[in-house]
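Before any comments, here is the structure.
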Amino acid sequence: MLRLFEHDASDFTSGQTAVLGDAVNVKLTREINGNCTLSFDYPMNDEKADLLEENMIAVCEEQAYRIIKLTRSYDGRSVISAECLHIYDADSQKIHLQNVPDMIGKTPLAVMKKIFSDTQFTLFTDSELSALGMKRVDSDGFEIDFFSEDKTTPHDVMQEIIKNCGKGEIYADNYKIALVERIGSDKGLRLRLGKNMENLTVERDITDLVTRLYPYGYDDAHIGSVNDGKQYIDSDNISIYGVREGYVDYSDYSDPEKIMSRAEWEFSAANAERIDVPDINISGDVIDIARLAEYGEVECAQLGDTVTVSDGRNSFVERIIKIESYPYEPKQTRLSVGRVKKDLFFYLNQMGLLSKSYKKASAGSGKVRALSISGSVIVDGISTNADGEREFSGVVDASYITLSGVKITEQDGAIYIDGKKILLEETEEE
């Protein structure tokens with residue numbers, strides 16, 4: 001049953017205002033990296049209806065949702081309809097951050113600690129996540145360059161962190177949150193008509209399909225100088241779908257070679273969001289056979305789970321990206337199955353599988369400030385050679401260098417990284 005709490009409650013195990021036992025049409029909608037919502041109707045002739053007010057908190061299945069909107073309908077039913085947002089979505093959007101400073105070469109966790117300091121939110125520890133079968137997105141020491149933002153909110157900054165990482169999924173348990181590699185698991189669940197699906201829709205959509213891409217960079221820079229004069233690239237799928245032109249702006253790039261590399265990623269087989277194939281959208285109503293003793297938890301579909309969906313002709317192995325469920329009523333659960341939107345290009349870039357130049361790395365006079373080396377990344381003043389050994393170039397002031405996961409020592413005027421002596425070229429200036 002739904003439980004009602006005051007607007008400033010933080011402990012949802014006790015101290016409830018009321019139990020809303022007569023609530024009907026209780027619906028939960030959960031989506032990966034999207035808003036999680038709760039809606040329900042309550043009869044106005046019930047004495048507890050007078051307790052319902054905007055901004056109060058309704059708890060459903062141990063998760064808190066803030067009441068954002070109440071609508072009273074006098075159409076013969078006389079009910080109050082409530083629309084609620086999960087406490088994370090509701091409250092993190094209403095915390096004003098005047099400025100979030102540059103955080104160069106920092107883990108996503110470090111950025112999160114900054115934006116959620118002095119708020120009611122806390123962060124999961126590694127041990128807590130491990131017990132839940134999850135890992136932080138930066139559990140391997142992965143670091144990002146977060147650039148200053150003004151007049152923002154923690155909710156918006158979290159989305160920027162995900163885009164910066166190229167991956168990551170938000171896991172929220174009331175006021176405790178984490179950015180993890182993925183939520184859900186792969187239990188081998190198979191969904192098919194006649195067993196656990198009431199209906200199934202498989203939609204193939206070429207609305208956004210592009211086979212000839214015109215990429216542009218900063219100030220409309222193009223790739224003609226590095227692509228035999230052509231300002232576009234073609235997908236191999238152009239022979240299947242014909243010429244379907246489109247363009248993308250990469251305003252963060254001005255170098256034609258980097259624009260070219262970024263554009264080629266749009267057609268890459270390694271890119272789950274490649275733009276030269278149809279979008280496949282799968283949805284359907286699921287029969288909740290997990291409640292039957294003969295099936296149990298193995299048939300329980302959770303947000304983020306990898307499932308196999310069969311339509312009688314083909315099988316699709318994808319993740320559950322959205323669930324609409326009615327926890328207190330025998331109504332069908334509706335699933336949306338597909339791929340989580342992410343930009344793996346930037347993640348691969350920062351991990352060194354693709355080249356990336358970091359902005360704002362220089363402290364002036366050739367000195368390098370706040371470097372973070374991971375894999376084969378080239379940064380101003382430092383690079384990794386073909387043998388995987390780190391090399392310095394230019395003028396480097398060791399007092400400014402920070403390398404993630406690397407031990408730096410100084411002895412007799414020489415610098416050692418991981419026990420290896422680094423030879424620095426002397427200049428007249430230094």
Please evaluate residues K27 and E83 with respect to the criterion salt bridge (Lys or Arg N to Asp or Glu O under 4.0 Å), reporting the C-alpha separation (whole Å), side-chain torsions for both, the decisive distance (0.1 Å), and the verdict. CA-CA 10 Å; K27 178 183 176 182; E83 298 178 26; over 6 Å; no

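- With hydrogens and angles left out, the side-chain atoms of D91 and Y175 include a donor and acceptor closer than 3.5 Å.
- Annotation: D236, atom CG; neighbour count of heavy atoms from other residues, nucleotides and ligands within 6.0 Å does not exceed 12.
- In this structure, T333 and E324 have side chains that are not in contact, with every pair of non-hydrogen atoms separated by 4.5 Å or more.
- When atom types are taken as modelled, the side chain of D285 and the backbone of E198 share no donor-acceptor pair closer than 3.5 angstrom.
- With hydrogens and angles disregarded, a donor-acceptor distance shorter than 3.5 Å links the side chain of N164 to the backbone of D145.
- Residue D8 places its CG atom among more than 12 non-hydrogen atoms of other residues, nucleotides or ligands, all under 6.0 Å distant.
- Between the side chain of N314 and the backbone N or O of S310, no donor-acceptor pair lies under 3.5 Å.
- Separation of atoms CD1 (I144) and CE (M103) is listed at 8.5 Å; rounding is to 0.5 Å.
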Item to check | Working for side-chain contact (heavy atoms from CB on, under 4.5 Å), residues Q63 and C36 | outcome: CA-CA 10 Å; Q63 292 300 302; C36 294; over 6 Å; no

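- Not one N or O on the side chain of D279 forms a donor-acceptor pair closer than 3.5 Å with the backbone of R204.
- Defined by atom type and a distance below 3.5 Å, a donor-acceptor pair is present between the side-chain atoms of E203 and N281.
- Between H7 and E54, the closest side-chain pair of non-hydrogen atoms is not below 4.5 Å.
- In this structure, NZ on K114 lies 14.5 Å from CG on L109, to the nearest 0.5 angstrom.
- No side-chain donor-acceptor contact under 3.5 Å links E318 and T306.
- Separating the CD1 atom in I95 from the CG atom in D156 is a distance of 11.5 Å, to the nearest 0.5 Å.
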task = Using the ring-ring contact (aromatic ring centres under 6.0 Å, His included) rule, take F5 and F12 through it: C-alpha gap first, then chi angles, then the decisive distance, then the call.
result = CA-CA 8 Å; F5 289 79; F12 306 113; 5.5 Å; yes

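- Atom OH in Y65 sits 10.5 Å away from atom CD1 in I87 (nearest 0.5 Å).
- For the residue pair N35 and T37, no side-chain donor N or O sits within less than 3.5 Å of a side-chain acceptor on the partner.
- The CE atom of M134 lies 11.5 Å from the CG atom of L179; values are rounded to the nearest 0.5 Å.
- Side chain to side chain, S336 and S283 fail the donor-acceptor criterion of an N or O pair below 3.5 Å.
- Under the 3.5 Å distance criterion, the side-chain polar atoms of R136 are left unmatched by any main-chain donor or acceptor of E181.
- Ring centers of Y218 and Y253: at least 6.0 Å apart, outside the cut-off.
- Under a cut-off of 6.0 angstrom, the local environment of CD in Q93 is crowded, with over 12 non-hydrogen atoms contributed by other residues, nucleotides or ligands.
- Within 6.0 Å of CZ on R192 lie no more than 12 heavy atoms contributed by other residues, nucleotides or ligands.
- A salt bridge does not link R262 with E264: every distance from a Lys NZ or Arg NE/NH1/NH2 to an Asp or Glu carboxylate oxygen is 4.0 Å or more.
- Ionic pairing of R319 and E169 is present here: one or more N-O contacts between side-chain nitrogen and carboxylate oxygen are shorter than 4.0 angstrom.
- Residues S251 and D249 bring no donor and acceptor atom of their side chains to less than 3.5 Å of each other.
- No side-chain heavy atom of P215 sits less than 4.5 Å from a side-chain heavy atom of Q231.
- Between the side chain of N227 and the backbone N or O of G229, no donor-acceptor pair lies under 3.5 Å.
- K322 contributes no side-chain N or O that, together with a main-chain N or O of G338, makes up a donor-acceptor pair within less than 3.5 Å.
- At a cut-off of 3.5 Å, with distance as the only test, a side-chain donor of N99 or S148 sits close to an acceptor on the other residue.
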Dump the intermediate steps for side-chain contact (heavy atoms from CB on, under 4.5 Å) on V26 and L28, then the final yes or no.
CA-CA 7 Å; V26 180; L28 285 175; 5.6 Å; no

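- Cation-pi contact between R212 and Y232: present, with separation from the ring centre below 6.0 Å and deviation from the ring axis of at most 45°.
- For K135, the NZ atom sits in a loose shell: 12 or fewer heavy atoms of surrounding residues, nucleotides or ligands are nearer than 6.0 Å.
- The shortest non-hydrogen separation linking R182 to G304 is NH2-O, 2.5 Å.
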Would you check, one step at a time, whether the test side-chain contact (heavy atoms from CB on, under 4.5 Å) holds for I320 with I32? CA-CA 9 Å; I320 299 174; I32 295 178; over 6 Å; no

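- For D205 (side chain) and T207 (main-chain N/O), a donor-acceptor pair under 3.5 Å exists by modelled atom type.
- Contact of the T153 side chain with the L97 side chain is not registered, since no non-hydrogen atoms from C-beta on lie closer than 4.5 Å.
- I162 and G168 get closest at one heavy-atom pair: CG2-O, 3.8 Å.
- For the pair E128 and K176, the salt-bridge criterion is met [side-chain N within less than 4.0 Å of a carboxylate O].
- Shown here for N33 and Q159, the closest heavy-atom pair between the two residues is O-NE2, 3.9 Å.
- Proximity of Y88 to N174: side-chain heavy atoms (C-beta onward) are nowhere separated by under 4.5 Å.
- The structure places OG of S92 at 4.5 Å from NE2 of H155, a figure rounded to the nearest 0.5 Å.
- Counting heavy atoms from C-beta outward, L132 and F124 have side chains that approach closer than 4.5 Å.
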| said: What verdict does the side-chain contact (heavy atoms from CB on, under 4.5 Å) test give for T152 and V100, after you've listed the backbone C-alpha separation in whole Å, the side-chain angles of each residue and the deciding distance to 0.1 Å? | reply: CA-CA 8 Å; T152 185; V100 181; 4.1 Å; yes

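- Residues D138 and E143 are not in side-chain contact: their nearest non-hydrogen atoms beyond the backbone lie 4.5 Å or more apart.
- The main-chain N or O of G188 is found under 3.5 Å from a side-chain atom of D186 such that the two form a donor-acceptor pair.
- You'll find the side chain of F316 reaches within 4.5 Å of the side chain of V202, heavy atoms only.
- In this structure, D305 contributes its side chain and S185 its backbone to a donor-acceptor pair below 3.5 Å.
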